[in-house]
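Below: the structure, in structure tokens.
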Amino acid sequence: MSLAKAYAAHSNTAPLVPFTFERRPVGAGDVRIEILYSGICHSDLHQARDDWGGAKYPMVPGHEIIGKVVEVGAEVTTLKVGDFAGVGCMVDSCRHCEACSHDLEQYCAEGATFTYNGTDRHTGETTQGGYSDHIVVEQRFVVKVSETLDLKAAAPLLCAGITTYSPLKHFKVGPGQKVGVIGLGGLGHMGVKFAKALGAQVVMITTTPEKGADATRLGADEVLVSRDPEQMKAHAGSFDFLLNTIPVGHDTNPYMGLLKRDATMCLVGVLTELDPPLTGVSVIFGRKHLTGSAIGGMAETQEMMDFCAEHGIVSDVEVINIQDVNEAWERMAKNDVRYRFVIDMASIKG
């Protein structure tokens, strides 16, 4: 066992405070990673506040992890001591169901083991995440990270990155397509970067005109203000694909009107009810599709990391010390970040 230093929430109303706990020993197929940077995802706040139910305390959040391998088990073949490595939203799965056998561990029939607030399949204990100084993970659920990437800005790729990359690849977004990214936040800004790198014509769709300049800087070819009826009418029926990153319940019907016949809008942000509900007419006329997507499997996550290294893609981040994490959470709740907070985990030694 190894003693880990971390920050944890002890109830759904408590701030994050210093916490120590034991990590499991490094098994034959495990790697131990010294965590260098841990991204802050909005789901960290939702989980800690028990907004989705099932929260287990004390809880160490964090599933956007970049670090350095410091120990490997005897059967590890994919990584070596000294490699930079990443850990995302899951750390295990059943490994034998149809989804797992097709490298879609995120859709494991038995349920993937999440990086925190899950149940460790080895020990039966609650998993604890990346707001800590190190982590032990089975090699299948660790990706290799190129040293050419800005490591602090690469951390959010393990959630915000793969959450947007996976549907863009699945729906074969590429040259000659008009793609809309709805919502410019932690997910949306990555969606713009990926869609542009894949060769699509990218339109940033936002309710906030003031975000237009930033969207263009990120790679958008055009900005569509969804509250402007004339702009929405001008773009009606013209999109091949829409990536919807809005994280709260909202009216999806106007966006469906932007799609071409047989085209798709994919939800990656909202986990709650759509409000108002989707109307039948918005999908029936035009044979349009509304779907959703989670993160990617481990093979696809490694593919994404390699793609980012090749194209120089990372997140736009604001780096903080762990001691300032509660303030960062408050700012994140107000959307006061462009576009992802990342914790410099060296600060936990202070």
Side-chain angles (χ1 to χ4, degrees), residues 156-157 159-209 211-228 230-247 250-270 274 278 282-283 286-296 300-301 303-304 307-308 310-316 339-340:
L157 298 177
C159 177
I162 189 59
T163 296
T164 50
Y165 180 87
S166 184
L168 291 171
K169 289 291 289 187
H170 179 76
F171 289 99
K172 298 179 173 57
V173 165
Q177 292 186 323
K178 181 179 176 181
V179 173
V181 179
I182 305 170
L184 186 58
L187 294 176
H189 93 288
M190 291 307 308
V192 169
K193 292 185 179 188
F194 283 135
K196 186 66 175 179
L198 289 166
Q201 175 193 351
V202 182
V203 180
M204 180 71 242
I205 303 173
T206 179
T207 59
T208 311
K211 291 184 177 180
D214 217 22
T216 302
R217 176 186 65 82
L218 293 165
D221 298 292
E222 192 174 348
V223 177
L224 166 57
V225 179
S226 57
R227 288 178 176 168
D228 185 328
E230 290 303 313
Q231 289 190 35
M232 292 291 283
K233 182 179 179 181
H235 284 270
S238 67
F239 284 87
D240 297 283
F241 183 77
L242 293 174
L243 183 70
N244 187 329
T245 73
I246 298 173
H250 60 283
D251 189 356
T252 55
N253 294 289
Y255 299 117
M256 296 300 291
L258 296 173
L259 292 172
K260 293 179 178 179
R261 172 179 50 81
D262 290 324
T264 297
M265 178 165 70
C266 183
L267 304 176
V268 294
V270 60
L274 298 177
L278 180 71
S282 68
V283 292
R287 201 165 54 191
K288 299 172 184 179
H289 309 278
L290 178 66
T291 188
S293 177
I295 53 173
E300 188 173 52
T301 304
E303 174 191 309
M304 176 211 62
F307 182 87
C308 288
E310 179 184 353
H311 293 271
I313 295 174
V314 289
S315 298
D316 287 24
Y339 284 96
R340 210 69 160 185

With side chains defined as the heavy atoms from C-beta onward, is the minimum distance between Pro156 and Met190 less than 4.5 Å?
no

Name of the residue among Gln201, His235, Glu222 meeting side chain to side chain donor-acceptor pair (under 3.5 Å) with Lys178
His235

Could you check whether atom NE2 of His170 has more than 12 heavy atoms from other residues, nucleotides or ligands sitting under 6.0 Å from it?
no

Heavy-atom pair of closest approach, residues Ala160 and Leu187:
CA-CD2, 3.6 Å

Would the distance check show the side chain of Lys288 and the main-chain N or O of Leu259 forming a donor-acceptor pair, the cut-off being under 3.5 Å?
yes

Would you mind reporting whether Phe194 and Val173 have side-chain heavy atoms less than 4.5 Å apart?
no

Smallest heavy-atom separation, Ile313 atom then Ala197 atom, equals CD1-CB, 3.7 Å

Counting C-beta onward and ignoring hydrogens, is there a side-chain heavy-atom pair between Asp221 and Val203 closer than 4.5 Å?
no

Donor-acceptor under 3.5 Å (Thr164 side chain, Gly161 main chain)
yes

Quick one, Asp240 with Phe171, criterion side-chain contact (heavy atoms from CB on, under 4.5 Å). Give me CA distance, side-chain angles, the key distance, then yes/no.
CA-CA 10 Å; Asp240 297 283; Phe171 289 99; over 6 Å; no

What pair of heavy atoms forms the shortest contact from Thr264 to Thr291, and how long is it?
CG2-CG2, 3.5 Å

Atom OG1 of Thr216 and atom CE of Met204: how far apart are they, to the nearest 0.5 Å?
10.5 Å

Around atom CZ of Arg227, are there more than 12 heavy atoms of other residues, nucleotides or ligands at under 6.0 Å?
no

Residues Cys266 and Gly292: closest non-hydrogen pair is SG-C, 3.7 Å

Work out which heavy atom in Leu168 is nearest to a heavy atom in Ala195; give both atom names and the distance.
CD1-N, 3.9 Å

Taking the side chain as every heavy atom from C-beta outward, state whether Leu224 and Leu258 have any atom pair closer than 4.5 Å.
yes

Which residue, Leu242, Leu243, Val283, forms the side-chain contact (heavy atoms from CB on, under 4.5 Å) with Met265?
Leu242

Distance alone, cut at 3.5 Å: any donor-acceptor contact between the side chains of Tyr165 and Glu303?
yes

Determine whether Asp316 and Asp214 satisfy the following criterion, side-chain contact (heavy atoms from CB on, under 4.5 Å), listing intermediate values before the conclusion.
CA-CA 11 Å; Asp316 287 24; Asp214 217 22; 5.6 Å; no

Passes side-chain contact (heavy atoms from CB on, under 4.5 Å), Leu274 versus Leu290? Steps please.
CA-CA 12 Å; Leu274 298 177; Leu290 178 66; 4.1 Å; yes

Any heavy-atom pair between the side chains of Val270 and Thr252 that's under 4.5 Å?
no

Output the distance between atom CD1 (Ile246) and atom OG1 (Thr207), rounded to the nearest 0.5 Å.
7.5 Å

Rounded to the nearest 0.5 Å, the NZ atom of Lys196 sits from the NE2 atom of His311 at a distance of 13.0 Å

I'd like to know if the side chain of Lys193 and the backbone of Leu218 have a donor-acceptor N/O pair within less than 3.5 Å.
no

How about His250 and Tyr255: do any of their side-chain heavy atoms sit closer than 4.5 Å?
yes

Less than 4.5 Å apart, any side-chain heavy atom of Ser315 and any of Tyr339?
no

Set out, in order, the CA-CA distance, both residues' side-chain angles and the distance that settles side-chain contact (heavy atoms from CB on, under 4.5 Å) for Val181 and His189, then state yes or no.
CA-CA 9 Å; Val181 179; His189 93 288; over 6 Å; no

Using modelled atom types only, decide if a donor and an acceptor are shared between the side chain of Lys211 and the backbone of Thr206 within a distance under 3.5 Å.
no

Do you know the tightest heavy-atom contact between Ile205 and Gly180?
CD1-CA, 4.0 Å

Side-chain heavy atoms of Glu300 within contact of Ile295, under 4.5 Å:
no

